[in-house]
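Here is the structure we will look at, set down as structure tokens.
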Amino acid sequence: MKRYLFSILFTFVLCCGVSYAQKTYVVSIGLGEYKYPEVAPPLPCSVADARAVSHFFHDYNGSRVFMLLNENATKSHILKVMRKEFAKSTVNDEIIFVFSGHGLQGGLTCYETKDENSIITYNEIQEIMKSAKARRKIILAMACYSGGLNLQKKKQNNGNTQRRKTNKTSVMLYTSSRSTEVSWEHPNMRNSYFISRILEGFRGYADKNGDKKVTARELFNYVNPHVIKDTGGKQHPQMWGKFDDSMVVVYVK
């Protein structure tokens, strides 16, 4: 079953960092039911995606997790919670924004979305992430066309991974599909293919060298081939941003 929106389709994502963060702040959004279902049809896995990611981080590294589901995930509420929670971070902390729902290039849907004028834009999300003091910033986006989140600022390189190094801030954006692709769910699965594989990676399956650290490169190398295979080659997750391949995304217990 593909998740699609008649005129709007979307996914969003995660931002991460460098050394072991003192605390991790997570805002997890799950939109399975919308105010205007004729525009944004129900999605079977979105709420479960948000809950699964939240559950993982509840027991991780002194995390503070804030989850918004369905009618609680309005535009004003999402932005308010992001500002409030991420503003608490220090330079040694990590902030993570997770989204699972309908999407479109350059923005995120919210509960009351009915057209392109009622979405959360990538620039609005980026501005909040940018103002946070945390050095590690991650965006995880499970949504159709999510690979086009930053096309308004920088054209993608044929769907390939783009990386630039920085000594000050490590930002990782990981989306479930290319800018031209929908993101798929299976009606008999609890979580979407993308989030399922992300969580497997977090739990250690992506830790190729067994050092109890999952790096950006290890996560990409684990998740991508599995999702591509899961969807019969119809979906290709994308990872880009300012980070080093060896940046630690999570530490394995």
Side-chain angles (χ1 to χ4, degrees), residues 3 11-17 20-33 42-73 77-78 81-82 84-86 88-89 93-103 108-111 125 129 134 136-143 146 172-176 183-207 212-216 218-220 222-223 226-227 230 237 248-253:
R3 49 169 55 193
T11 304
F12 188 0
V13 188
L14 271 175
C15 288
C16 186
Y20 204 159
Q22 289 184 355
K23 181 175 283 190
T24 301
Y25 294 87
V26 180
V27 175
S28 184
I29 310 300
L31 279 160
E33 300 288 339
L43 294 170
C45 296
S46 292
V47 168
D49 280 351
R51 283 178 172 157
V53 174
S54 297
H55 180 74
F56 174 86
F57 281 104
H58 268 302
D59 299 321
Y60 176 81
N61 186 31
S63 299
R64 180 181 173 89
V65 182
F66 208 112
M67 181 171 61
L68 297 176
L69 306 176
N70 296 333
E71 65 271 13
N72 288 319
H77 200 188
I78 291 172
V81 169
M82 287 179 67
K84 182 178 179 180
E85 293 301 303
F86 294 160
K88 298 173 183 176
S89 67
D93 293 331
E94 174 181 45
I95 60 174
I96 299 176
F97 180 77
V98 185
F99 179 89
S100 184
H102 284 301
L108 299 170
T109 58
C110 46
Y111 177 68
I125 296 163
M129 303 290 284
R136 300 169 52 155
K137 304 179 182 184
I138 300 171
I139 300 169
L140 287 180
M142 169 56 203
S146 51
M172 187 185 87
L173 175 59
Y174 203 7
T175 66
S176 58
S183 293
W184 293 79
E185 297 180 337
H186 192 288
N188 297 323
M189 288 179 62
R190 178 173 176 78
N191 298 119
S192 62
Y193 292 118
F194 181 64
I195 294 298
S196 293
R197 296 303 186 178
I198 286 281
L199 290 172
E200 286 178 358
F202 283 177
R203 294 185 180 110
Y205 288 91
D207 182 16
K212 299 296 182 180
K213 302 174 185 177
V214 175
T215 66
E218 286 178 323
L219 188 65
F220 183 87
Y222 178 79
V223 173
H226 279 92
V227 171
D230 290 340
V248 177
V249 179
V250 295
Y251 289 80
V252 182
K253 293 183 179 180

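Just so we're clear, the structure is a prediction, and the values are computed from it rather than from any experiment. Computed from heavy atoms alone, side chains included, the values below leave out hydrogens, waters and symmetry copies.
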Considering non-hydrogen atoms only, spot the tightest contact between Glu94 and Thr24 and give its length.
OE1-OG1, 2.9 Å

For Tyr222 and His226, which heavy atoms make the closest approach, and how far apart are they?
O-ND1, 2.8 Å

So, Asn191 side chain and Ser196 main chain: donor-acceptor pair closer than 3.5 Å or not?
no

In Å and rounded to the nearest 0.5 Å, what is the OH to OG distance from Tyr193 to Ser183?
12.0 Å

CZ-CD distance between Arg64 and Glu85, expressed to the nearest 0.5 angstrom
4.0 Å

Residues which pass salt bridge (Lys or Arg N to Asp or Glu O under 4.0 Å) with Lys84, listed by chain and number, not counting sequence neighbours:
none

Just by modelled atom types, is the Tyr25 backbone N or O under 3.5 Å from a matching donor or acceptor in the Asp93 side chain?
no

Please report whether the ring centroid of Phe194 lies less than 6.0 Å from that of Tyr174.
yes

Can you tell if the side chain of Trp184 reaches within under 4.5 Å of the side chain of Val227, non-hydrogen atoms only?
no

Can you tell me how far the CZ atom of Phe86 sits from the CD1 atom of Ile125, to the nearest 0.5 Å?
10.0 Å

Please answer whether the main-chain N or O of Gly30 pairs with a side-chain N or O of Ser100 as donor and acceptor at a distance below 3.5 Å.
no

Report the residues that fulfil salt bridge (Lys or Arg N to Asp or Glu O under 4.0 Å) with Glu33, sequence neighbours left out, ordered by chain and then residue number.
none

Heavy-atom closest pair, residues Ala134 and Ile95
CB-CG2, 3.8 Å

Examine distances only and state if a side-chain atom of Lys253 and a backbone atom of Asp59 form a donor-acceptor pair shorter than 3.5 Å.
yes

Does Ser63 use its side chain to pair, donor to acceptor, with the backbone of Phe57 at less than 3.5 Å?
yes

Please check this pair: side chain of Asn70 against backbone of Gly32, looking for a donor-acceptor N/O pair closer than 3.5 Å.
yes

Applying side-chain contact (heavy atoms from CB on, under 4.5 Å) between Ser54 and each of Val27, Val65, Val98, report the one that passes.
Val65

Closest non-hydrogen atom pair, Cys110 against Ala73:
CB-O, 3.5 Å

For Tyr251, does its backbone N or O pair with a side-chain atom of Tyr60 as donor and acceptor, under 3.5 Å?
yes

Within this structure, what is the CE-CD1 distance for the pair Met82 and Ile29, rounded to the nearest 0.5 Å?
8.0 Å

Distance-minimising heavy-atom pair for Ala50 and Ser28:
O-OG, 3.1 Å

With Asp230, which residues qualify under salt bridge (Lys or Arg N to Asp or Glu O under 4.0 Å), at least two apart?
Arg197

Polar side-chain atom of Arg136 near backbone of Val248 as donor-acceptor pair, under 3.5 Å
yes

Quick check for you: to the nearest 0.5 Å, what is the distance between His77 atom NE2 and Asn72 atom CG?
6.5 Å

Between Ile78 and Tyr111, is a side chain to side chain contact (heavy atoms under 4.5 Å, CB included) present by the stated rule, with each step listed?
CA-CA 10 Å; Ile78 291 172; Tyr111 177 68; over 6 Å; no

Find out whether Glu218 and Val249 are in side-chain contact, i.e. whether some heavy atom of one side chain is under 4.5 Å from a heavy atom of the other.
no

Check whether any side-chain heavy atom of Leu31 sits under 4.5 Å from a side-chain heavy atom of Leu43, and report yes or no.
no

Counting only heavy atoms not in Tyr205, do more than 12 fall under 6.0 Å of its OH?
no

Give, for atom CG of Asp49 and atom CG of Leu69, the distance between the pair rounded to the nearest 0.5 Å.
11.0 Å

Does Ser176 offer a backbone N or O that forms a donor-acceptor pair with the side chain of Ser146 under 3.5 Å?
yes

Side chain to side chain contact (heavy atoms under 4.5 Å, CB included) between Leu199 and Phe202: does it pass, once the steps are laid out?
CA-CA 5 Å; Leu199 290 172; Phe202 283 177; 4.3 Å; yes

